[in-house]
Amino acid sequence: MIRLLKMGLGIVICALIGGTMTHLGVPLALMFGPIIAVIVFNRFKIQFAVPKYTLTFVQISLGTSVGLMFNQVSLGQAENLFLLLIMLVVCLAVQFSFSYFWFHRKVGWTKQEAMLGSVPGAMAAILALTDHTHTPPQKIVISHTIRLIILILLAGIVVGSDGDPQPLLVLPSLTWQSSFWLLVIVLTGLGLGLVLQRMHVPAPFMLTSLGAATLIQSWLDIQLNFPVLITELSMVLIGMNIGNHFIVFPLSSLIKNIYSSAQVVIINIFLTLLITVFASWITGYPIPVLLLAWAPGSMEAMTFAAITMNLDAGFVMSNHIIRMVIIQSIPSIAMFWQERRAKKRNSSSPD
């Protein structure tokens with residue numbers, strides 16, 4: 001009981017810090033605030049634990065949110081749609097391949113660490129994969145966090161900020177009908193996720209809740225919106241989880257990994273720029289729109305930048321949702337088949 005009270009108190013403290021930073025206009029503060037809080041409090045020998053099923057909760061929350069958003073945006077106004085989607089896949093492949101080569105060959109990470117650290121985004125899914133594969137997550141978490149920080153800072157520099165405070169609390173507006181269908185989506189995602197979990201599929205709840213939300217929303221005549229408070233709680237919990245990985249490293253190792261990760265992000269941004277220039281030359285679509293749409297992570301920051309710059313925010317969000325679906329699905333499927341092949345080799349090898 002005392003442990004639960006301490007855990008609840010830690011969540012409240014992190015949420016208040018994140019909420020205050022959000023009110024002051026700090027982007028994604030509900031995640032960055034808890035990261036900072038966990039690191040600072042750890043210096044005073046105070047540790048904040050997270051609930052046992054945090055990653056499952058975060059997977060279902062984010063998977064449902066993305067699945068519901070997938071039906072709210074359209075790529076119909078974009079010309080050369082098929083070509084743009086191919087270029088998006090090419091851009092993802094280039095970002096992943098370079099990052100993998102850098103982390104594995106240059107920095108000396110293991111193949112598993114390099115693969116998970118190179119996926120451009122989807123931190124919740126990657127944390128679930130590290131838990132499934134028993135890969136030490138600290139380096140991977142640092143890589144994804146540094147990427148996110150740099151992208152948000154760049155978006156803020158490009159767009160500028162007027163310093164207006166953000167709302168501290170957004171209350172959900174749910175009807176009985178929408179609540180019922182949201183419950184159906186969550187239970188469907190949870191049930192199918194448990195089935196996939198028994199089949200040893202990594203990050204199963206993200207995949208099943210995303211699929212359930214997309215399909216069920218496409219059948220309904222009403223637009224469902226995932227409760228903002230649950231999404232905000234997910235961000236707080238994932239921030240605490242990330243912070244607990246940061247405190248494992250001594251300061252020297254932490255600085256070394258931050259430096260390596262920052263190098264990868266900056267070079268990846270340059271590579272993305274080259275691809276967007278080429279894609280713009282072929283399709284005639286504006287370079288700034290393509291750059292925001294194909295940036296390696298942070299859908300919220302890039303979409304906000306597009307809105308502020310009066311660009312095609314729907315196209316930017318659509319590309320990021322498609323990117324998230326791809327990078328949340330392919331690593332899980334790839335690892336699933338990799339494990340199956342390994343089991344077949346072990347079973348067929350002579351004793």
Side-chain angles (χ1 to χ4, degrees), residues 1-22 26-62 103 109-110 112-117 119 121-150 152 202-203 205-206 230-262 297-298 331:
M1 185 65 182
I2 296 178
R3 184 175 180 273
L4 290 177
L5 289 175
K6 288 183 178 179
M7 186 181 299
L9 180 61
I11 294 173
V12 170
I13 292 173
C14 289
L16 288 175
I17 293 173
T20 303
M21 292 173 63
T22 300
V26 179
L28 288 184
L30 285 174
M31 185 178 71
F32 289 133
I35 294 175
I36 296 172
V38 169
I39 295 173
V40 171
F41 276 88
N42 181 72
R43 296 295 179 183
F44 296 96
K45 309 300 181 182
I46 301 175
Q47 295 185 343
F48 291 153
V50 294
K52 182 179 180 181
Y53 297 103
T54 289
L55 289 180
T56 300
F57 175 77
V58 172
Q59 285 184 66
I60 293 175
S61 300
L62 297 185
F103 284 133
W109 290 12
T110 65
Q112 204 84 297
E113 289 174 337
M115 184 179 72
L116 294 176
V119 177
M123 188 182 296
I126 297 305
L127 282 174
L129 288 172
T130 61
D131 183 64
H132 173 83
T133 58
H134 305 291
T135 305
Q138 290 79 20
K139 298 176 183 176
I140 300 166
V141 168
I142 291 175
S143 170
H144 283 268
T145 304
I146 295 303
R147 178 191 297 124
L148 189 60
I149 292 173
I150 291 177
I152 289 175
F205 302 101
M206 182 81 74
I230 297 181
T231 304
E232 292 175 343
L233 177 59
S234 299
M235 293 184 68
V236 171
L237 292 176
I238 200 71
M240 295 176 66
N241 194 306
I242 292 169
N244 281 322
H245 292 310
F246 264 73
I247 62 179
V248 172
F249 281 104
L251 184 59
S252 58
S253 298
L254 182 62
I255 293 175
K256 178 181 177 182
N257 283 287
I258 288 175
Y259 177 70
S260 300
S261 300
S298 185

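Source: prediction; values computed, not measured.
Here CD1 of I238 is found 5.5 Å from CD1 of I242. Values are rounded to the nearest 0.5 Å. Annotation: the span from Q59 atom CD to S234 atom OG amounts to 11.0 Å, rounded to 0.5 Å. Considering CD1 of I60 and OG1 of T56, their distance stands at 6.5 Å, rounded to 0.5 Å. For the atom pair CD1 of I13 and CD1 of I46, the computed distance is 7.5 Å after rounding to the nearest 0.5 Å.
Among residues two or more places apart in sequence or in another chain, the side chain to side chain contact (heavy atoms under 4.5 Å, CB included) test is passed with T231 by S65, F226. Shown here are the side chain to side chain donor-acceptor pair (under 3.5 Å) partners of S261, two or more places apart in sequence or in another chain: there are none. Evaluation of the side chain to side chain contact (heavy atoms under 4.5 Å, CB included) rule for I39 yields I35, F246, I247 as partners, not counting sequence neighbours. Here F57 pairs with nothing under the ring pair (Phe, Tyr, Trp, His ring centres under 6.0 Å) rule; sequence neighbours left out. For V40, the side chain to side chain contact (heavy atoms under 4.5 Å, CB included) partners two or more places apart in sequence, or in a different chain, are I36, F44. Qualifying side chain to side chain donor-acceptor pair (under 3.5 Å) partners for Y259, counting only residues two or more places apart in sequence or in other chains: Q263. Residues satisfying the side chain to side chain donor-acceptor pair (under 3.5 Å) test with S260, not counting sequence neighbours, are none. Every residue two or more places apart in sequence or in another chain that forms a side chain to side chain contact (heavy atoms under 4.5 Å, CB included) with A49 is listed here: M7. With sequence neighbours left out, the ring pair (Phe, Tyr, Trp, His ring centres under 6.0 Å) criterion links F103 to W109.
In terms of heavy atoms, I17 sits closest to A37 at CD1-CB, 3.5 Å. Between C14 and F48, the shortest heavy-atom distance links the atoms SG-CD1, 3.6 Å. Scanning all heavy atoms of the two residues, the minimum distance from L30 to G18 falls at CD2-C, 3.7 Å. For V236 against I11, the heavy-atom pair with the smallest separation is CG1-O, 4.1 Å. Considering all non-hydrogen atoms of both residues, M21 and G33 come closest at SD-CA, 3.5 Å.
Formation of a donor-acceptor pair under 3.5 Å by the N42 side chain with backbone atoms of V38 is not found in this model.
Residues I140 and S143 have side chains not in contact (no heavy-atom distance under 4.5 Å, counting atoms from C-beta outward).
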